[in-house]
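Structure first, then comments.
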Amino acid sequence: MTAATLLPDPRLEGTLSVLAPDGSLLRPDLVPDDETLLSLYTGMRRARVFDDRAMVLQRQGKLGVYPCFGGMEATQVGAATALEHGDWVLPTYRGTALAMVRGMSLAHILLAWRGHPAGYQVDPELHILPFYIPIANQIPHTAGIALAEKRRGTGRVAMAFIGDGGTSEGDFHVGVNFAGAFGAPAIFVIENNGWAISTPTSVQTAAKNLASRAEGYGMPGVRVDGNDVLAMYHVTREAAERARRGEGPTLIEAITYRILPHTSSDDPGRYREETEAQAWKSGRDPGKRLRAYLESRGMWSEAQEQQVMQAMEAEIKAAMLLADQAPEILPEALLEHIYAEPLPEMLEQLEEIRALGALE
Amino acid sequence: MTAATLLPDPRLEGTLSVLAPDGSLLRPDLVPDDETLLSLYTGMRRARVFDDRAMVLQRQGKLGVYPCFGGMEATQVGAATALEHGDWVLPTYRGTALAMVRGMSLAHILLAWRGHPAGYQVDPELHILPFYIPIANQIPHTAGIALAEKRRGTGRVAMAFIGDGGTSEGDFHVGVNFAGAFGAPAIFVIENNGWAISTPTSVQTAAKNLASRAEGYGMPGVRVDGNDVLAMYHVTREAAERARRGEGPTLIEAITYRILPHTSSDDPGRYREETEAQAWKSGRDPGKRLRAYLESRGMWSEAQEQQVMQAMEAEIKAAMLLADQAPEILPEALLEHIYAEPLPEMLEQLEEIRALGALE
Amino acid sequence: MTATTERQAGQKSKTMTMVAAVNDALRIALERDDKVMLFGEDVGMGGVFRASDNLQTLYGEERVFNTPLSEAGIMGLAVGLGIAGEKPIAELQFAGFIYPALEQINAQMGRYRQRTQGNFPLSIVVRAPYGGGIHSPEMHADSPEGLVAAVPGVKIVIPSTPYDAKGLLLAAVDDPDPVFFFESIKLYRSVKGEVPEGHYTVPLGKARIAREGSDCTVLCYGGMVEVCLEAAAAAEGAGLSVEVVDLRSLVPLDLETIAASVQKTGRVVIVHEATRRMGFGAELSAIIAERYIEYLHAPIVRVTGWDAPYPPFTAAEHMYRPDAARVASGIRKVVEY
Amino acid sequence: MTATTERQAGQKSKTMTMVAAVNDALRIALERDDKVMLFGEDVGMGGVFRASDNLQTLYGEERVFNTPLSEAGIMGLAVGLGIAGEKPIAELQFAGFIYPALEQINAQMGRYRQRTQGNFPLSIVVRAPYGGGIHSPEMHADSPEGLVAAVPGVKIVIPSTPYDAKGLLLAAVDDPDPVFFFESIKLYRSVKGEVPEGHYTVPLGKARIAREGSDCTVLCYGGMVEVCLEAAAAAEGAGLSVEVVDLRSLVPLDLETIAASVQKTGRVVIVHEATRRMGFGAELSAIIAERYIEYLHAPIVRVTGWDAPYPPFTAAEHMYRPDAARVASGIRKVVEY
Ligand SMILES: Cc1ncc(C[n+]2csc(CCOP(=O)(O)OP(=O)(O)O)c2C)c(N)n1
Ligand SMILES: Cc1ncc(C[n+]2csc(CCOP(=O)(O)OP(=O)(O)O)c2C)c(N)n1
Ligand SMILES: [Mg+2]
Ligand SMILES: [Mg+2]
């Protein structure tokens, strides 16, 4: 670890950590059971391997624009692992790791990032909704879903992710306030990675931190080290328990860093020095942190590591094969599922598309 | 004063007062000079007389739907008096008292509430913008105007009013955050009158108070007794001075109460008991409060009171005469000022309107 | 619950206003299906037009309630409830306040079914009082149905009679897609009609011949139907037989009824309160010019609000909102062509 | 500063892409008038398409800057700056993200001049990359020009060549009204053309005959012009003479040029990427059916995006965005009628 990486980052001030960046234990009281520890670690590893591979696939023309999350996997894996089956998850476009933890198949994920309709057909049983492209739109939905669960008394919660930039949109405010006003069992996780494309958080808002918004909505605001998967797991679990007890929503600000470009199309060299990213990358990697801790407890070995990596590579390969076999997209796909029954003029439009196919 | 009126209202907890409801002085250090005191008092009196009269005129069919503000005149008169000429004011529909203090003529105001185009032709010199009907739209404008003044280094500020209900709109969030992010010389006054039509503030949001939103935008949040015109004057002046010093925007929450119906069309009996309104009306009237203080200092007499009232009645009468003489609205008014030059098809539409007039 | 049934023979009926018919439909919808929830600004106390009067008392604050003041929030809440399988009926207090909600409508409500390939359909009704005629303040008389019609995935219904209001609203509640239900403010209390008691539906997508005629077709909906009927009656005096088609539903549109009428008369006037440019009349005209031009003997004339905002209060409203005289002048244009 | 001047004789020119022409226009606008400010999401670093490359370096962070992430805020900021007398040029990162801003556009930007009876005119330019053709993610290929055209008080310009892009953008900056300037993403780098150095303007409201013809008129704009020209060239092989009218500006619309072309050919095809229902083609068709029907020998055909969202990435885009084959088929429909 270089000297730079050891510098305290002011963004992390006041955040909860369970492990120090070097993996040493700060809060023994907040360590989950071994099974959870291992599933958090493998969840992060698998996610990271997928992310790396997806960037390569994108460059090979096999995926559309891909929003990578490497280096931020702890926020998503920690939060998603803390929920129960039946709880709802509303991801942003950067939420591929959330989807993986929720059990969405890799083939499905690959198809989603190709724009194949099959990639959008999320399994309602998983209770994870499709990647939201327009920013902050999912926040009012989260209030609505949570209100429905509250009314039914199911004890289920709804959790949305949003970026630091996304907190400036009107829909963020509106949705969080609705959830607060209704005392709905919702969790809002701000994945604060320091950047909204080229805009640093300091340009986004004059607020010292984003969790400070919580008070204005009448809910607790929690600041957490987003690269500490144990901390993420803990605060999300607490928020979910609060929600299940009928005590309403929680706003969590997870401090992390976007060490990679915004998406496969972005060149961060246009707008930032990479020193900060480098420091986070080398000094605060979430996987390394938990691995160091697991190793210190003798719970993880290089052999296990290799096994997870290789299994994951194989899984991705198999998923690619599956994805490549997805049925060719028929003209119907364009006009299907707009309404329960297509309108008459849409059937005519479908004929037009079919006729054109015949023409070419 | 009845016993009920003396009960402390929890909404006022933590607000700044300069005068107690009975007019006794709490903060001698915050009393402005005599001239200001008198102008605050007469400003309130005039506003209240106008408001009462406007409700009557509305019932007589001489105004459109009228959003009365009686009982809330201190927030507007205090805040507007604290600004300087050249500062901008962005009112809500309830901002008639703001307009009066800014020097908009009564005839002009009457025409605005009739929907006469002349009532919309606000004099740019007054720097008060038209009454905003769609809620919260003015908040991002305030950020823009303030940013322009900052860039030009004029030392001018922009102040917007908004209701408690209005703070739930996306535009409120967006605009306040922009102002904070740009460090723009803006003042946002939340005229918290407890109700948004039939919705009490407690249903609007789970936040304990609305000034608590300020921290999440990186600006000071100030809570003030909105029925204490001296307190309103003081906090607005401080906010304006901060802004002029380049220290950015302030969010002020002024606690007041809508003792009247929402507008001339509303019947509050449908949704609330009037006990709270009665208590505020009799126990916390802003005019009575300042008058009691002025009288205690020998600065006001019944004779002066009568003079102000009579002068105001005469002024309103004269304004009505003027308003009634406003030119008949020509068809042109509908299509004028949509663009700098009307589009060709709009000229045709104008011909259509004219032809119809001839037909009838 | 999705089957729609037309009025039963022998069903009793009552004379009521349009707003009472809406209230009746809402009550029945709440009664029939526990998934139905009703909310919006001031909906709890009955709403500013009293369309939801008494319903909170009957069905409780959990199912009939006020929201915080945000149209985007109200639409987003409806989408979220719809995702979770509820059947929300959301109210926009005035259609002129739909604009802050267009993100949720355009990017979400209309796209959610397709985005999830049918796995998360949204059975939502959005009610919005629209249009002028009552001297309302700025922005309170807008007619944004054209903007909503631009959104694939949503339906649009606009009744003109108490009977239709109730039956169409109950059909909208049963519909598996998001349905916008625009209610003419002008008609709320000015129109009365026979309304059957109990549940019945009027199917979406079927226009109504409000008056038969052979010389000219007038296409209209909502608050303009009575205006067009008045113009048609006046035209009869001048020996003209005017057919007035009350579209009732803009999406889906009843192409068959439109085709039959245009084929018969060969002359078309389209009437709405919304601005002319990009009002729904543009789409109607384009559809006719694309499909039925061979039957036309005259230009398609639009009688509409001007390309300008609706003016506030009484001062100029009479020059803005189409009235029978303007419709008559449009009819003259096409028959004298 | 409001006088518009056409290109000067002897002005030097350069070959450049559309995005370079936009960049050049922005630079000149900033240079000429200190009131001009340029902002939006990521505009400071040049914007995601590099349209504002280098301008922050040249004109400073006070005049060229990033905003927080809110389209409503960006539009509202522009309105506020406009009220205060500045000349903002605001960018919406993609036109598909215009929806959260429609409240500010519809209720404010379009109405402010009238609401203040001319005392607070807004000289604003809103730039928005629009349309498909580059396999972009969901919501990134929308064409919402029709929604904006529904707003009285705003103008709409959509260039199809680098020359026009620069000249129209500079004219938009000089214009005393809010002007929406939609830039075809597809054309940004795929099209090159001669662009004069320095300042010149192309007047708003004047269409351009992109290709003369006598058998059929194709009305189009922006990214569809090259597609229509391709179809017209192919039609020539089949012995058809197709006139391609590049509208350049939707509001104001060049009725004269449209009239002359329709009068000449009697057959009209309208082409745009936006959905058919309530796309701007509806208004074009309605205008023609209202004004020039006597010249028509065939139905007015619309070749457009389908009544469905634009599909993401490569998977189905080729079946959605109109191409030369579809335009050709539209042309056949009207000439063979
Ligand atoms: C409504 C909307 N506006 C703009 C965009 C374009 N856009 C995509 S990502 C992005 C930045 C988002 O930053 P942040 O919320 O911090 O999330 P991050 O990408 O850092 O995870 C922008 C502006 C969008 N997708 N939706
Ligand atoms: C965007 C928008 N939505 C709804 C309305 C209708 N409306 C007018 S006033 C009002 C309540 C406003 O309450 P608040 O903001 O507390 O202000 P107050 O009227 O109490 O001064 C509502 C819902 C509106 N004018 N604009
Ligand atoms: Mg971010
Ligand atoms: Mg209020």
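Lettering follows sequence order; numbering is per chain, from 1. Computed from a predicted structure; not experimentally measured.
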inquiry  = Less than 4.5 Å to any heavy atom of chain B: does that hold for the side chain of Ile74(D), its backbone, both, or neither?
reply    = both
inquiry  = Please check if the number of heavy atoms outside Gln349(B) that lie under 6.0 Å from its CD is greater than 12.
reply    = yes
ask   = Charged N to carboxylate O below 4.0 Å: is that the case for Arg113(D) and Glu336(B)?
value = no
message = With a 4.5 angstrom heavy-atom cut-off, is it the side chain or the backbone of Asp177(D) that approaches chain B, or both, or neither?
response = side chain
Nearest heavy atoms of Pro130(B) and Tyr112(D), plus distance in Å = CD-OH, 3.8 Å
message = Looking at chain D, which one of Pro124(B), Pro134(B), Ala184(B) has the largest number of heavy-atom pairs inside 4.5 Å, strictly under?
response = Pro124(B)
inquiry  = In the structure I gave you, are the side-chain heavy atoms of Tyr120(B) and Asn119(D) within less than 4.5 Å of one another anywhere?
reply    = no
query = For Glu332(B), does the CD atom sit with more than 12 other heavy atoms under 6.0 Å from it, leaving out its own atoms?
reply = yes
Max heavy-atom pair count under 4.5 Å with chain D, selected residue of Asn177(B), Ile139(B), Thr142(B), Leu129(B) = Leu129(B)
message = Counting neighbours of NZ on Lys264(D) that are heavy atoms of other residues, nucleotides or ligands and sit closer than 6.0 Å, is the number greater than 12?
response = yes
request  = Indicate the atoms forming the closest heavy-atom contact of Pro252(D) with Leu343(B), along with that distance.
outcome  = CB-CD2, 3.9 Å
key: Lys35(D) versus chain B, the contacting section by heavy-atom distance below 4.5 Å   = backbone
request  = Work out which heavy atom in Pro140(B) is nearest to a heavy atom in Gln104(D); give both atom names and the distance.
outcome  = CG-NE2, 3.6 Å
query = If you count the non-hydrogen atoms of other residues, nucleotides and ligands that lie under 6.0 Å from CD in Glu241(B), is the total more than 12?
reply = yes
message = More than 12 heavy atoms of other residues, nucleotides or ligands under 6.0 Å from CD of Gln263(D): yes or no?
response = yes
request  = Please tell me if the side chains of Tyr132(B) and Gln108(D) come closer than 4.5 Å, counting only heavy atoms from C-beta onward.
outcome  = yes
remark   = If one checks every heavy atom of Pro121(D) against chain B at 4.5 Å, the contacting part turns out to be neither
message = Is the shortest side-chain heavy-atom distance between Phe65(D) and Leu147(B) below 4.5 Å?
response = yes
key: Toward chain D: residues of residues 151-173 of chain B with heavy atoms under 4.5 Å   = Arg151(B), Arg152(B), Asp171(B)
request  = Any chance you could lay out the side chain to side chain contact (heavy atoms under 4.5 Å, CB included) test for Met75(D) and His141(B), step after step, and finish with the verdict?
outcome  = CA-CA 9 Å; Met75(D) 289 300 96; His141(B) 301 182; over 6 Å; no
ask   = Which answer fits Ala146(B), side chain, backbone, both or neither, if we ask what part of it has an atom under 4.5 Å from a heavy atom of chain D?
value = neither
request  = Report yes or no: does Gln114(D) contribute a side-chain atom to a donor-acceptor pair with the main-chain N or O of Ala333(B) at less than 3.5 Å?
outcome  = yes
query = Does any heavy atom of chain D fall under 4.5 Å from the side chain of Ala181(B), the backbone, both, or neither of them?
reply = side chain
task = Go through the atoms of Met37(D) and report whether side chain, backbone, both or neither lie under 4.5 Å from a heavy atom of chain B.
result = side chain
task = Please report the shortest heavy-atom distance between Phe182(B) and Asn66(D), naming the atom on each side.
result = CE2-O, 4.1 Å
query = Between Val251(D) and Tyr339(B), is any pair of side-chain heavy atoms under 4.5 Å apart?
reply = yes
query = What pair of heavy atoms forms the shortest contact from Val122(B) to Phe120(D), and how long is it?
reply = CG2-CE1, 3.7 Å
message = If you apply the rule salt bridge (Lys or Arg N to Asp or Glu O under 4.0 Å), what do you find for Glu62(D) with Lys150(B), and how did you get there?
response = CA-CA 10 Å; Glu62(D) 289 237 317; Lys150(B) 177 182 174 177; 5.9 Å; no
query = Is Thr116(D) close to Gln121(B) at the side-chain level, that is, under 4.5 Å between some pair of heavy atoms?
reply = no
inquiry  = Between Arg111(D) and chain B, with a heavy-atom cut-off of 4.5 Å, which part of the residue counts as in contact: side chain, backbone, both or neither?
reply    = neither
ask   = Are any of the side-chain heavy atoms of Glu103(D) and Asn137(B) separated by less than 4.5 Å?
value = yes
query = Looking only at heavy atoms, what is the nearest atom pair of Gly80(D) and Ile145(B), with distance?
reply = O-CG1, 3.3 Å
message = Taking side chain as everything from C-beta outward and backbone as N, CA, C, O, which of these in Asp254(D) sits under 4.5 Å from a heavy atom of chain B? Side chain, backbone, both or neither.
response = neither
